[in-house]
Structure formats: C-alpha cells, structure tokens
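Numbered from 1 within each chain, the chains take letters A, B, ... in sequence-line order.
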Number of protein chains: 2
Amino acid sequence: MPKKLNKDASTEEKIKQAAKRLFTQKGFAETKTREIAEESGINLALLNYYFRSKQGLYNIIMKENMASFKQGLAELFGDTQLDVYQKIEKLAHYYIDEFITNPDLPMFIVNTIYMAGNDSTILEEDETSASRKIFVNQIKELVAQRKIKPIHPAHILSNMMGLIIFPFVIGPLLKKRANINDKAFVEMMKERKKLIPVWIKSMLEN
Amino acid sequence: MPKKLNKDASTEEKIKQAAKRLFTQKGFAETKTREIAEESGINLALLNYYFRSKQGLYNIIMKENMASFKQGLAELFGDTQLDVYQKIEKLAHYYIDEFITNPDLPMFIVNTIYMAGNDSTILEEDETSASRKIFVNQIKELVAQRKIKPIHPAHILSNMMGLIIFPFVIGPLLKKRANINDKAFVEMMKERKKLIPVWIKSMLEN
DNA sequence: GTCTATAGACGGATAGAC
DNA sequence: GTCTATCCGTCTATAGAC
C-alpha cells in the first residue's frame with residue numbers, strides 16, 4: 001500500500017485513500033469528513049456524492065481492512081498439506097510483514113473486533129470458518145496422538161494472535177520504556193517471525 | 001470497584017463514577033457530557049462546575065485507570081524476594097482477576113497506550129521504572145547463568161502482557177467463533193492464570 | 001451548590017448553480 | 001461531476017437566577 005496519494009487517481013479513489021488512512025489511524029468518531037476532504041484535496045460535498053454518508057464510507061474501508069486481514073488466512077488454514085507448525089510459521093511471517101507495512105492496521109483490527117461485542121454483524125461466519133475448522137482438527141489430532149498437552153483451541157488462537165498482533169498495539173510503550181527506536185522496533189518484530197513459531201511449539205509440547 | 005452507583009456519594013463522586021464507566025466503555029469521543037450527567041443523575045452544568053471541562057474529567061479518569069493498571073506492578077516487579085517465575089505467576093493472577101472484574105479496562109489501557117504514540121506524556125517515567133529495571137536485571141542474570149536462552153527483555157514484556165491482556169480485547173471473536181459463552185469465557189481466563197506462567201517458562205527455557 | 005436557558009462552535013449533509 | 005453556501009442537529013461550555 002502506497003503512502004503517497006495517487007495524483008492521477010479518480011476522485012472516488014482519492015477519497016478512499018485519504019479515508020482509509022485517517023479511519024485506520026484514528027477510528028470513526030475522531031475522523032471528520034472535512035478532514036478527509038482536505039486530505040484528499042476534494043470538495044466536501046463530493047464525499048456525500050460518491051458515498052452516501054460518512055458511515056457508508058467507513059463501512060467500505062472497514063470491510064477492506066478486515067478483508068486484507070483475512071486474506072490468506074482461509075487458504076493457509078485450509079491447506080491440508082501443511083502441518084500445524086508450518087501454518088503457524090507462515091502465519092507469523094505473513095502478518096508481521098503486513099503489520100510492519102501498515103502499522104495502524106493492528107489497532108484498527110483490534111478495535112473492530114472489540115466493537116463487534118456490542119454492535120454488529122462483522123464477525124458473521126465467513127470463508128475462513130471452514131478452513132479454521134481444519135486447523136482446529138489438526139490440533140485435536142495432535143492432542144489425541146499425545147504429541148501435545150490437551151488444550152482448548154481457543155487458547156492457541158488467542159496466543160498466536162496475541163503474540164503476533166499485541167506488540168504492534170503497545171509499540172509506543174515498548175519504544176519509550178525499553179528505549180527502542182523505530183528502526184530497532186521493526187527489527188524486533190522481524191525477529192518475532194522466527195521466534196513465535198518456536199515459542200508456540202514449546203508452549204504446546206511442554 | 002462497585003457496579004452500582006453509590007446513592008449517598010457526593011455529587012463530585014457521582015459524576016466520576018458515571019464518567020469512569022462511560023469513558024472506559026466507549027472512550028472519549030463517543031461519550032457525551034449529557035450522557036454522563038444523565039447517568040449520574042446530576043445537572044449538566046455541574047460537570048463543568050466540578051471539573052473544568054470534559055477533557056479535564058477524562059484526564060482524571062484516565063489517570064485513575066492507568067494507576068489501577070500499574071498498581072501492584074511496582075511492588076511486584078521490585079520485590080527482590082521473588083524470582084522471575086514467581087513474579088510472572090503473581091502478575092497473571094493479579095491482572096486476570098482485575099480484568100474479569102473490569103472487562104472494559106483492557107481495551108481502555110490498550111487504547112491509551114496506543115494513542116500515546118501521537119500524543120502525550122502518559123508514558124513518562126514513573127514509579128514503576130525503577131522496579132521494572134530490577135525485573136529486567138533478573139532476566140539478564142538468568143541469561144548470563146545460561147538458564148534461559150538469550151532474549152531481549154522487551155520480547156518477554158510483550159509476551160507476558162499479550163498473553164494476559166489480548167484475549168480480553170478479542171473476547172467477542174472468541175465467543176462467536178469458538179462458541180464460548182460468557183461464563184465459559186471467564187472460566188477460560190481463569191485457566192490462563194495457571195497456564196501463562198507455565199507457557200512463559202517453556203518459551204524461555206527451550 | 002444547583003438549576004434553567006442559551007451561547008457558540010462543530011460536523012454531517014444537501015440544495016442548487018455551474 | 002464539481003463547486004459554494006447553508007441548513008440543522010448536536011455538543012461543550014457558561015451566564016445568571018435562585
């Protein structure tokens with residue numbers, strides 16, 4: 001995803017690019033339509049011309065963000081050629097690279113999931129459901145074969161996601177308290193691509 | 001912290017109680033001063049009488065929330081009688097109990113930390129800094145003694161916090177996708193009080 | 001300290017000219 | 001499709017009576 005706005009993009013596209021950046025960074029309530037207009041260099045009225053409302057525009061951006069989050073998940077989880085550990089390794093690599101490129105995406109995702117508690121239909125069953133079941137079954141099989149300790153799959157899901165996503169959302173804390181600058185932070189996240197699969201293996205087996 | 005409002009509390013206290021609940025649940029932008037007034041049964045004008053502004057009230061609530069988050073951290077980390085694993089065990093117990101009681105606190109904390117990236121002085125050095133150094137030194141010593149693999153302490157911090165906090169902020173996802181109801185969710189979080197110390201030990205030693 | 005009433009700014013949305 | 005001007009509801013904050 002490019003950082004700079006495409007000057008030759010259509011008006012509609014320019015609005016979406018600015019909206020995506022702002023909504024992802026600051027969320028719905030804190031982003032003002034006037035801001036989006038200014039950022040994208042378009043007239044305020046055009047926002048309502050192309051997208052019916054602020055909420056309509058937000059929903060589009062949210063779906064795109066969540067889709068980009070889920071992208072690859074279905075195929076990866078559903079791939080019967082890969083074992084559990086191979087999947088975790090691919091998962092860590094894929095998402096950490098994604099989050100290094102889009103550092104505001106993790107917080108947006110977390111917020112969206114959290115808000116789904118009160119709200120919405122965001123977490124309805126989707127294309128990842130079937131493939132997630134395949135992954136869960138692989139875990140159950142490892143348990144049955146006594147290769148790992150008995151554990152509820154939700155713990156594993158939580159731990160994988162937490163180890164991958166959480167450092168990004170507490171980045172400011174790590175940077176301030178551990179005296180890590182931006183460059184070192186990225187290096188540390190890259191380290192985690194290798195560390196997380198090893199950690200999870202240890203957790204499961206011991 | 002009690003769920004019901006104290007009817008005999010002073011006006012100032014009543015405002016703070018309602019504000020705490022609403023701000024913690026919905027954040028700054030989505031909470032309206034009128035809501036706080038209505039919830040606490042006071043007149044809207046009194047909010048500005050006691051606290052200069054909405055922002056002023058929010059800052060107080062935020063500091064209290066962050067203080068309650070840090071409470072115990074300093075003493076625990078600084079306690080030279082406890083080894084690393086004992087500290088992690090106490091940490092998991094303390095915070096998971098805290099978060100079960102205040103389920104919106106985790107998201108509030110995460111949001112506050114994340115916003116500190118752009119903003120503020122929230123993450124300034126505080127009383128936990130000195131004691132955190134003691135904890136970090138204990139880790140370094142374990143590495144020096146070859147009892148655990150070499151690792152940057154920030155990874156351990158991330159992992160501990162992630163394993164403890166993250167499941168709470170993705171609660172809605174776990175509940176929908178893993179068919180866990182509220183009661184089972186709490187049970188699962190209680191399980192984690194015991195599991196997390198074991199997991200971290202495995203991660204560090206293997 | 002507590003109330004009513006309202007000022008004053010902001011933000012989403014649209015009418016209507018071009 | 002794009003613009004200016006403006007409507008109108010919402011919100012924070014305060015003036016001023018009691």
Student: Tell me if the CD atom of A/E38 is crowded by more than 12 foreign heavy atoms within 6.0 Å.
Tutor: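 Open: at most 12 neighbouring heavy atoms sit under 6.0 Å from CD of A/E38.
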Student: Evaluate whether atom NZ of B/K90 has more than 12 neighbouring non-hydrogen atoms of other residues, nucleotides or ligands under 6.0 angstrom away.
Tutor: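 Atom NZ in B/K90 is not crowded, with 12 or fewer foreign heavy atoms closer than 6.0 Å.
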Student: Can you tell me how far the CZ atom of A/R177 sits from the CZ atom of B/R132, to the nearest 0.5 Å?
Tutor: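 Reported to 0.5 Å precision, the distance equals 5.0 Å.
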Student: Under 4.0 angstrom, heavy atoms only, what part of the nucleic acid is B/Y49 near: base, sugar-phosphate, or nothing?
Tutor: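 Base: the residue B/Y49, judged by heavy atoms under 4.0 Å, touches a nucleobase.
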Student: Is the Lys NZ or Arg CZ of B/K87 less than 6.0 Å from the centre of B/F135's six-membered ring, within 45° of the axis?
Tutor: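 Cation-pi check for B/K87 and B/F135: fails.
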Student: In whole Å, I'd like the distance from the CD atom of B/E30 to the C1' atom of D/dT10.
Tutor: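 Interatomic distance, CD of B/E30 to C1' of D/dT10: 14 Å.
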Student: In this structure, how many angstroms lie between the P atom of D/dT6 and the CZ atom of A/R34, rounded?
Tutor: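 In whole Å, D/dT6 P lies 14 Å from A/R34 CZ.
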Student: Does the cation-pi check pass for A/K175 over A/F185, that is, NZ or CZ under 6.0 Å from the six-membered ring centre and within 45° of its axis?
Tutor: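 Judged by the rule (NZ or CZ under 6.0 Å from the ring centre, within 45° of its axis), A/K175 counts as positioned above A/F185.
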Student: With DNA chain C as reference, determine whether B/E12 or B/L44 sits nearer its 5' end, using the nearest nucleotide of each.
Tutor: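 Residue closer to the 5' terminus by nearest nucleotide: B/E12.
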Student: Assess whether atom NZ of B/K190 is packed by more than 12 heavy atoms of other residues, nucleotides or ligands within 6.0 Å.
Tutor: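 No, the 6.0 Å shell around NZ holds no more than 12 heavy atoms from other groups.
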Student: Students should find this one: the first and last nucleotides of DNA chain C, 5' to 3', lying under 4.0 Å from a heavy atom of chain B. What are they?
Tutor: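 Range of nucleotides within reach of chain B: C/dG1 to C/dT4.
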